[in-house]
Structure formats: structure tokens, C-alpha cells
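Residue indices begin at 1 and follow the sequence shown.
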Amino acid sequence: MPRMALFAHSWTAASTATAHPVPSVTMSVEEQTDLKALTKTLSESYSSLAHHQQLPPSTVLHHLAHLAQYSHHLPLSWFTPSFTQICFDMHTQFQQLPSPEWQGIESLCSLWTVWLRRLSNAPHALPPVQLQVTHVLASMRTLLLSIPSSPSSLQQKVWVGLVGLAGSEAFVTQDVWLLDTMTQALAYWKKEGKVDGATVEAGVAHGLAQTSALNSFEVESCQQLVEAYVQYAARSIEQHLRSVVHVMEHCIDKRASQQPISRAEANLETLVEIAKAIVETSSATVEEHMARLAVIAGVARTLQFVSINTSKINTLKKESQAIMADTFNRVVIRTESLEQNPMSSMYQDTMAYFSGQCLPTLSLKMLTAMDLKATLQCITSCLLTSDSIWGAKDMICHLSNDPKDTLPLTQLLQHPLHKDIGRISRATAKVIHASLESKDSECIRAVRLLLEGLTELSRAMSTAWETFIVNHGKEGQPLEKTLDTAIWTLFKTLLFSCTAIVKQVTTDPPKGEGFLLIPEAAPMTVSLYANLHFITEHLGTSEGFQAYQDVLKSTVAFLTYKDNVPEFNCLFNTAYMPYVPASPGTGTGTGTGTQQPMSMSRPSTCYLLFFTDLAEQTMKVVDDDVLENALLPCIYSLLKQTSPIPKKLYESAHTAMLSVMAAHKPIAREVASVYAQLLIHSYPEHINLQQLRLGYTTMIHSLCEMDDAVAWLTVGLLLQKMDSWTQEVHAVQRSEYLSVLFDLLKPLSLGPFFAEYLNKMEGYVLAQETQGMKEATLKLLFETVSGTAQA
């Protein structure tokens with residue numbers, strides 16, 4: 001066959017063997033020239049090796065390297081008996097040197113690997129060269145197992161070459177031999193790992209998923225391979241434990257897609273039996289025990305998503321879950337006994353990962369059979385102390401608004417354990433559900449400690465963010481884009497994680513007994529959300545916050561119910577006292593004044609906004625002493641601010657004052673005049689006419705239901721302001737305030753001071769300078785009374 005035809009054949013073979021077909025394109029003259037040149041050099045290298053004994057070693061190595069570089073394009077017809085014998089001779093020669101020529105041996109392995117792959121796709125070509133193939137396989141096995149000084153790149157190339165033959169129809173008789181070779185290689189690498197972990201993972205996954213030895217007669221070789229991989233992974237669980245799970249997941253996926261279904265059922269059953277045998281084998285170390293748990297975790301978790309709906313598969317699902325639950329429980333108990341071990345934090349992180357993988361799909365019956373206290377303690381410790389989950393609370397304080405300093409935060413977000421926080425949170429909620437169902441006092445105490453820890457974590461995260469804002473200039477200064485994305489991704493994850501956990505106590509407890517079993521959960525939940533309100537304000541609550549709203553609604557409903565009101569008021573008092581001025585101008589309040597609203601950063605203002613909004617909705621149950629000594633002094637200080645404060649907080653303070661009136665609080669009579677003065681003095685700098693009208697009308701309406709005299713005295717403050725404007729330049733102000741007075745007609749109409757009010761209104765109308773102004777004023781009065789006036 002001509003040289004160009006040979007190379008064209010190799011190009012076609014390589015294209016067919018690839019996962020993606022080579023697109024049909026028209027080659028340029030330059031590309032055709034390069035192709036001809038490459039064809040020529042490959043042919044020259046191929047021909048030259050026939051006389052390798054007469055060539056200098058450097059030339060031989062050059063020709064070998066050139067063929068190895070383009071070995072995937074070499075056609076099967078080039079691997080003649082004479083060429084393979086030449087390769088054997090060179091291999092022997094390279095090995096017998098005082099210092100083995102590893103570069104040449106590696107090139108030979110590349111050629112052998114391609115030859116074996118070509119033969120696997122052409123079974124008819126295998127019988128004539130069976131002896132040479134056996135020689136190649138033996139040589140590659142020797143390189144993999146018997147030469148400790150061989151470089152890692154060579155061992156990796158041999159590993160990939162051999163593993164690729166697993167399941168091949170042409171080499172089906174070699175499957176057990178291949179699995180045994182892989183098992184021995186893993187046993188060797190357990191002591192001295194030379195091959196990249198990802199390559200080992202891919203090899204084991206491919207071997208188990210494709211081998212024909214997964215049957216009752218040859219299953220021992222598969223089980224030995226899994227056992228060897230467990231031992232290999234146990235030497236460094238931080239690097240390899242997830243790989244064990246991924247390997248078993250891949251095997252289940254592949255075997256479940258086989259046809260017919262009976263074949264898939266048989267193979268899946270065999271894999272479950274292998275996993276069962278692996279976890280029942282005694283483990284010398286905790287790491288080994290965890291690696292065994294990884295095997296059954298990968299099997300059981302993936303089986304839940306198998307679409308085959310037969311009684312056999314359903315039985316396997318339940319059986320694998322039961323094995324997984326039992327194994328998980330034993331590992332948790334064993335880990336708990338090692339709390340003083342220097343590796344305990346790593347063990348806790350590992351078990352938190354497994355909780356996310358194993359627990360969410362378990363039935364309640366399986367969960368309640370576990371040691372729930374030990375499980376919760378392990379997860380709690382990881383959630384609250386692991387640097388890989390919420391370690392950013394210490395990191396944020398030291399960040400700067402600079403792209404180069406965001407790397408640690410970005411690395412945290414990319415950490416595998418942090419990415420699993422969603423699964424871990426759902427697993428925690430599932431364990432809480434089982435703990436509340438059991439009503440075991442120790443389990444309930446563990447849940448309480450978890451909620452306390454989350455509350456402290458939320459406070460620490462809020463403080464860290466506040467420290468960052470204080471340390472880096474103006475609060476309104478925009479964050480660097482990378483930092484902004486990273487920090488709010490972290491905060492959003494924190495809020496969602498906490499919600500998933502506390503929801504199990506507040507809205508989804510068994511028989512609705514969450515608060516009854518853990519009464520402290522309600523105030524802790526409110527405090528947690530108050531600390532994290534700066535996140536809610538930033539993200540908004542329009543989408544994805546239904547669970548958050550459900551939790552908060554349920555919690556507040558519990559706290560405002562009869563016997564729980566004192567605790568609710570204690571929560572308010574604790575929240576507001578740090579913000580109460582030490583010497584409030586109104587003469588009320590006994591706060592320390594440690595926080596001044598004007599100097600607060602966004603986390604603190606959001607914290608105060610949360611409780612002020614909450615007070616407005618629950619004012620009827622707020623205790624009068626708390627109202628007088630904590631809430632009102634703080635609100636006064638907000639409303640009296642001469643410098644700008646957040647608009648939402650300012651409006652919330654006004655709404656809270658109006659809710660005091662609407663709730664008919666006894667203190668409303670005393671604060672009415674104070675609030676009336678605040679409204680009058682705030683217009684028009686801080687509030688507009690619509691807000692003034694709404695605020696004054698709402699206040700007078702509430703006061704009229706309580707005390708007509710107080711209502712009329714409060715109206716008198718507005719009248720005094722009107723009467724103070726006697727000059728023509730005040731005409732606009734008088735007309736604006738007159739619209740406010742007109743709004744008061746309805747609430748005052750049933751009181752004893754209505755006649756006096758009408759006389760005052762008549763005087764103001766008649767005092768208008770022109771007939772047109774009088775008619776316009778009367779029209780405004782008519783529209784106000786009829787309800788057609790526009791604000």
C-alpha cells in the first residue's frame with residue numbers, strides 16, 4: 001500500500017474511533033503540504049526502525065517518539081509481526097541498560113496501547129497475533145507492577161492502556177486478568193502513589209462499569225478490585241473519598257442502562273452484593289471505614305434515581321439504603337469517640353459530606369433507628385466550625401475592596417464541602433425531623449444547641465460584614481465586581497441554609513410540635529433573621545423567599561400567642577436597648593446608647609429595620625413598659641434625625657408610631673403631641689404632603705376612638721401652625737395645611753369639637769384673598785368629603 005494511502009487509512013480509522021466525527025472540510029494547499037510532509041516523516045521513522053541496531057540511540061529514540069506522538073493515526077496494517085518483534089527487541093534492549101531508557105519504553109507503550117485498541121475494534125485480526133498480544137500484555141503488566149523505579153508518566157500510560165481493554169469483546173477472556181492486574185497496581189500505589197488520582201478513579205470506574213466479569217462466577221475479582229480501591233482511597237480520604245462515591249455512581253449508571261432489563265437487574269444486584277461485602281469487612285482505621293461507607297453511599301444514592309420500576313430494583317433500593325444507614329451510623333459513632341483526635345475536624349467534615357449524600361433519601365424509620373444525637377452533634381460541629389463552610393466569617397473582616405484579595409473567598413465558594421451545603425442542610429433538617437418525632441430529650445437538646453449555634457453564627461457574620469464596611473470607607477462605595485459576586489453568593493447561601501434548617505422546627509415539625517418541644521426556637525429564629533436582614537434587604541423577597549416568609553410568619557404567630565407574649569416582649573427589649581439614647585429628649589427611655597442610629601452601618605440599620613417592621617405588625621401585644629422604655633425612645637431618635645437615614649427605616653419608624661395609635665395603647669395619649677410636632681417639623685424637608693396628610697389623618701382617627709379631647713388638642717397644634725402664617729408669602733403653606741385639615745373632617749365629625757372645627761374651617765375659607773381662591777378651596781373641601789379628592 002502506498003505511503004499516502006497508508007496514512008489516509010490511519011486518518012479514517014482515527015476519525016471513526018473518536019467520539020466526535022471529523023467534519024468534512026476542504027483542506028487548503030498548505031494543509032495538504034503539511035499532511036504530505038507528516039506522512040513522509042512517519043513512513044521514514046517506521047522504515048528506519050527496521051534497522052534500529054545500526055542507528056545511534058538518539059536517532060532510535062527520535063523515531064520512536066515521533067511514531068508515539070502520532071500513534072493514534074497509525075493503521076492496524078502497520079503493526080506487522082516483524083514490527084511488533086522489533087518493538088520487543090527494543091524493549092528488551094532498553095531494560096537491560098544500566099539505567100533503563102524510560103523515554104523509549106514509554107514510546108513503545110504508546111504504540112502497544114494503540115495496537116491493542118485497534119485489535120479490540122477488529123476481533124477478526126486477533127487470532128493470528130495472539131502470541132504477540134500475550135507478550136505485550138505481560139510486558140505492560142511487568143512495567144506496571146514489577147519495576148518500582150519506573151516514572152509515574154510511564155505507569156499512568158500503561159494503566160490507561162490496559163484499563164481501556166476492559167469489556168472489549170476481543171479481550172473478553174482477559175477481563176479477570178485485567179481486574180487482577182488493576183487490583184495489584186492499587187495495592188502497590190497504596191504504599192507509594194505514582195499515578196494521578198483522577199486517572200486511577202477513571203480507570204476503576206471504567207473497569208467495573210465495562211468488565212464482563214460482573215457475574216456470580218467471577219465476581220470475586222470485581223470485589224477484590226473494589227477492596228483494593230478502598231484501601232487506596234483510605235490513605236488520603238481528603239483527596240480520594242469523593243472519588244470512591246463517583247466510581248460507584250458511574251458503575252450503577254452504566255449497568256442500569258443495559259438491555260435487556262433482566263441483565264441490568266442481575267448486574268445491579270451483583271454490585272449491591274459487592275458493596276454489602278465491602279462494608280461488612282472489618283476496618284482497621286476510621287479512614288478505611290469511611291472509604292467503605294463511600295462505596296455503599298455511591299451505590300444506594302444512585303439506585304434511587306434508576307428509572308427501572310420492577311420489584312427487584314425496588315427491593316435493591318431498600319436493601320442498599322438499609323445497609324447505608326447502618327454503615328453511616330457505625331461510622332458516626334466511631335468518629336464521635338475520636339473528638340480529641342487531631343484529625344477530628346477532618347472526620348467531621350467528611351461525615352457532613354456523607355450526611356448530604358446519604359440521609360436525605362432515607363425513610364423516617366431508618367433514621368429513627370440511628371444514633372440521632374451523635375449524627376446531629378457531628379453535623380452541628382461541622383456547620384458551625386468548619387473553615388470549608390462558613391469560615392468566611394473570620395475572612396470577611398480582613399478583606400479589602402481589591403480583586404487580588406478576593407481569592408480566598410472565591411476558593412471557599414469553590415470548595416467541594418461548601419458546594420454541598422444545600423444537601424447538608426436538607427440532611428440536617430431530615431435528622432431534626434426524626435429527632436422531634438422521637439421526642440428524645442438528648443436529641444431535642446442537640447437540636448436546641450444547633451439553633452443556638454446558627455443564631456451566633458448569624459450574629460458573627462453580620463458583625464464581620466459591618467467591620468468590613470467600617471474599615472473600607474463609605475458604605476455606598478461600590479464593591480469590586482468579583483468581590484460583590486462572591487460575597488453575596490456566600491450570604492445568600494447562608495440565608496437559604498439557615499432557612500432550610502429552622503423550617504423543620506417552625507413550619508414542618510411532626511404534628512406541629514416543634515415550638516412546643518423547643519420553645520426557645522421561636523426567639524432564636526427571630527434573632528437569626530434579624531441578624532441576616534441585611535442579606536434579605538439586598539436580595540429582596542420577591543422570588544425564592546416563600547420558605548423564609550413561611551418560617552417568619554409561623555414564628556411570630558407562636559410568639560404573639562397568649563403565654564408567649566412576655567418572651568416576645570423580652571426579645572423586643574433586648575433588640576432595642578442598645579439603640580436607645582442615654583438621655584432621650586422626650587424624657588423616656590433608659591437605654592445605654594451604645595449604638596447611635598446615625599452612625600450605624602447597613603447591617604445595624606437593617607437589624608433595627610427588621611424589628612421596627614415587626615413592631616408595626618405586632619403592636620397590640622407589645623408591652624407598655626417595653627414600648628415606653630425601649631421602642632419609642634429609639635423611634636424618636638430616628639424621626640428627629642437632621643441628617644439622612646435610610647428611607648425604609650425612616651418610613652418604618654413613622655409606621656410604627658401610627659401603629660401605636662391604631663393599637664389604642666395607653667401611651668398614645670402622651671405621644672400624640674410629640675408625634676404631631678415631629679410630623680409638622682418634618683414637612684417638607686423629610687416627608688411630602690401626601691405623607692403628612694396620611695400620618696396626621698391616621699393619628700387623629702385613632703385618637704378620636706380613644707379620647708376626643710386629646711384628638712382635638714393634637715389638631716390644635718396644626719391650627720397653631722396655620723395661625724402663625726399671617727403674611728402673603730405663606731399662602732402656599734396655608735393652602736397645603738388646609739388640605740390636611742380638610743382630611744380631618746370625617747374623624748372629627750362625630751366628636752364634641754366638630755362645631756368648633758367647622759367654625760375654624762369657615763374662617764380659613766373666608767380669609768382667602770379672592771373669590772376664585774374661595775371657590776377653589778370650597779371645591780377641595782367638597783372633593784375631600786365626597787372622597788373624590790386626589791392626593
Quiz item: Pairs in or reaching into residues 557-581: which pass salt bridge (Lys or Arg N to Asp or Glu O under 4.0 Å), with residues at least two apart or in two chains?
Solution: none
Quiz item: Quick one: salt bridge (charged side-chain N to carboxylate O under 4.0 Å, His left out) partners of K648, sequence neighbours excluded?
Solution: E537
Practice problem: Applying side chain to side chain contact (heavy atoms under 4.5 Å, CB included), name anything that partners H681, two or more places apart in sequence or on another chain. | Solution: Q677
Practice problem: Kindly write out the residues that satisfy side chain to side chain donor-acceptor pair (under 3.5 Å) with H418, not counting sequence neighbours, or none if the list is empty. | Solution: none
Quiz item: Applying ring pair (Phe, Tyr, Trp, His ring centres under 6.0 Å), which residue pairs with at least one partner in residues 701-721 are found, sequence neighbours left out?
Solution: W712-F753
Exercise. For K492, check salt bridge (charged side-chain N to carboxylate O under 4.0 Å, His left out) against everything at least two apart and list the hits.
Key: none
Self-check item: Under the ring-ring contact (aromatic ring centres under 6.0 Å, His included) test, residues paired with Y696 that sit two or more places apart
Solution: none
Quiz item: So, S604 and E466: side-chain donor and acceptor under 3.5 Å apart, yes or no?
Solution: yes
Exercise. Kindly write out the residues that satisfy salt bridge (charged side-chain N to carboxylate O under 4.0 Å, His left out) with K760, not counting sequence neighbours, or none if the list is empty.
Key: D723
Quiz item: Do Q617 and D613 meet the criterion of a side-chain donor-acceptor pair at a distance under 3.5 Å?
Solution: no
Practice problem: Could you tell me which residues satisfy ring-ring contact (aromatic ring centres under 6.0 Å, His included) with Y650, sequence neighbours excluded, listed by chain and number? | Solution: H654
Quiz item: Taking only residues two or more places apart in sequence, or in another chain, which ones meet R459 in a side chain to side chain contact (heavy atoms under 4.5 Å, CB included)?
Solution: T455, E456, T463, N531
Exercise. Quick one: which residue pairs count as a salt bridge (Lys or Arg N to Asp or Glu O under 4.0 Å) with a foot in residues 366-382, not counting sequence neighbours?
Key: K373-E442
Practice problem: For residues 518-530, pull every pair meeting side-chain hydrogen bond (donor to acceptor under 3.5 Å, both in side chains), keeping only residues two or more places apart or in separate chains. | Solution: R448-E520, T499-Y529
